[in-house]
Asker: 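The structure that follows is given in the form of structure tokens.
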Number of protein chains: 2
Amino acid sequence: MYRLTNSFPYLLNRVGVRMGELFSRRIAGYGVTLPMYRVMAALWEIGDQRLGDLAAMTTIEISTLSRLIGEMKRRGLVTRTRLKDNARTVAINLTPKGRTLVEELIPIAIHFEEVAVRDFPSKNILDLKTVLAEIYQSLNSIEPEIEEANKARKAAKAK
Amino acid sequence: MYRLTNSFPYLLNRVGVRMGELFSRRIAGYGVTLPMYRVMAALWEIGDQRLGDLAAMTTIEISTLSRLIGEMKRRGLVTRTRLKDNARTVAINLTPKGRTLVEELIPIAIHFEEVAVRDFPSKNILDLKTVLAEIYQSLNSIEPEIEEANKARKAAKAK
DNA sequence: GACTATCATTTGCAAACGCAATTATTGTTG
DNA sequence: CAACAATAATTGCGTTTGCAAATGATAGTC
């Protein structure tokens, strides 16, 4: 018998949403939203990114990200410059101010994660992370299959 | 050295967002959004729920859910009735139409999940689910601790 | 049994979001 | 090299979201 509450997407989403809520509130006092933190931490890890790459890295929809970067630039956290050799792309970077801020936030993120998983053997968490990374990869390969199922349905309906 | 892309919340969110996107598109042809599916599947599992309980079960913010239920009622998928004995709460239920629809969608959800995790030993997935459920529980217990850290920071700043 | 506190839901409002269309630039090809 | 296709980012627009305030209803208190 199927139960939503035992399905993988449900269990996953629930933890994700809840952690997001908690961490959002944790960093709100620094004047930063969670998506902003994600962008800064992503740029701290890999700087000089194009918008599309940053969108892929953060799983933020590209138009949403474009506006978010606009706001963050306005706040002096990042720079966004058109490339000279390829002016249809932009390069996004942390400003010194953004770097200082994210380096203040990262220890908080580390502590948050530690507290969240401290009741579990670190081996379990490590395995969990590995599986999550692998599942993410495999989702890309099933995407065409999913779309296929849609098309099949549409075709069936059309006739 | 910290890396966002190796942090638990990041890995989790990424898979959650991606699965949500894919499944959303998968069911869009049925005229249903992902939050609507979650509500219907939750009600299919446990009917006659109050708004607050349904919010907790689906991890949908209560005001958002209130409006969503309004829309779903308008579409004839659910009923929302004030109780006679306690008129400050409402009971939400699937209509026959809603039930029929969700019973059409559930096999799709099952198939989706199967495809998403088919490359992994089912033991791993089972463990993963267990850990996710446990982490969710433990998040509730750390919430006060997180809030505490906020207060401490505010106090420090105030002086 | 009026007054206040508490609980459950809804609503006002501004911000965030996602899709589709648009703009800007570069790449291709006949 | 002109026309067209492809790529990258932005913008228009309607929808969804979340917080805080308001509403509606019940429970406790003196």
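Computed from a predicted structure; not experimentally measured.
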Asker: Provide, to the nearest angstrom, the distance between the CD1 atom belonging to B:Ile69 and the P atom belonging to D:dT16.
Answerer: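 Checked: the CD1 to P distance equals 14 Å.
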Asker: To the nearest angstrom, how far is A:Arg50 atom CZ from C:dA24 atom P?
Answerer: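 Taking atom P of C:dA24 as the reference, CZ of A:Arg50 is at 20 Å.
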Asker: Indicate the atoms forming the closest heavy-atom contact of B:Val78 with B:Ile69, along with that distance.
Answerer: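 For B:Val78 versus B:Ile69, the nearest heavy atoms are CG2-O, 3.9 Å.
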Asker: Just one of A:Leu54, A:Asp48, A:Asn93 clears the side chain to side chain contact (heavy atoms under 4.5 Å, CB included) bar with A:Leu43, so which one?
Answerer: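 So, applying the side chain to side chain contact (heavy atoms under 4.5 Å, CB included) to A:Leu43 and each of A:Leu54, A:Asp48, A:Asn93, only A:Leu54 qualifies.
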Asker: Using a cut-off of strictly less than 4.0 Å between a heavy atom of the residue and any atom of DNA chain C, enumerate the qualifying residues of residues 76-89 of chain A by number.
Answerer: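 Hits under 4.0 Å, by residue number: A:Asp85, A:Asn86, A:Ala87, A:Arg88.
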Asker: Whole Å only: how far is the CG atom of B:Leu68 from the P atom of C:dT9?
Answerer: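 It works out to 15 Å between those atoms.
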Asker: For the rings on B:Tyr37 and B:Phe23, is their centre-to-centre separation under 6.0 Å?
Answerer: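 For B:Tyr37 and B:Phe23, the ring centres are under 6.0 Å apart.
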Asker: For DNA chain C, which residues in residues 58-66 of chain A have a heavy atom at a distance below 4.0 Å?
Answerer: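 By residue number: A:Glu61, A:Ser63, A:Thr64.
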Asker: Return yes if the base of D:dG12 and the side-chain atoms of A:Arg67 contain a donor-acceptor N/O pair under 3.5 Å, otherwise no.
Answerer: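 Answer yes: a donor N or O sits under 3.5 Å from an acceptor.
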Asker: Do A:Arg67 and A:Glu71 sit within salt-bridge range, that is, some charged N less than 4.0 Å from a carboxylate O?
Answerer: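 The answer is no: the pair does not qualify as a salt bridge.
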Asker: Please list residues of residues 32-43 of chain A whose heavy atoms come under 4.0 Å from any atom in DNA chain D, ordered by number; otherwise none.
Answerer: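 Nucleic-acid contacts, sorted: none.
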Asker: Whole angstroms only, please: what is the CG-P distance between A:Asp53 and D:dA8?
Answerer: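 The answer, rounded to whole Å, is 9 Å.
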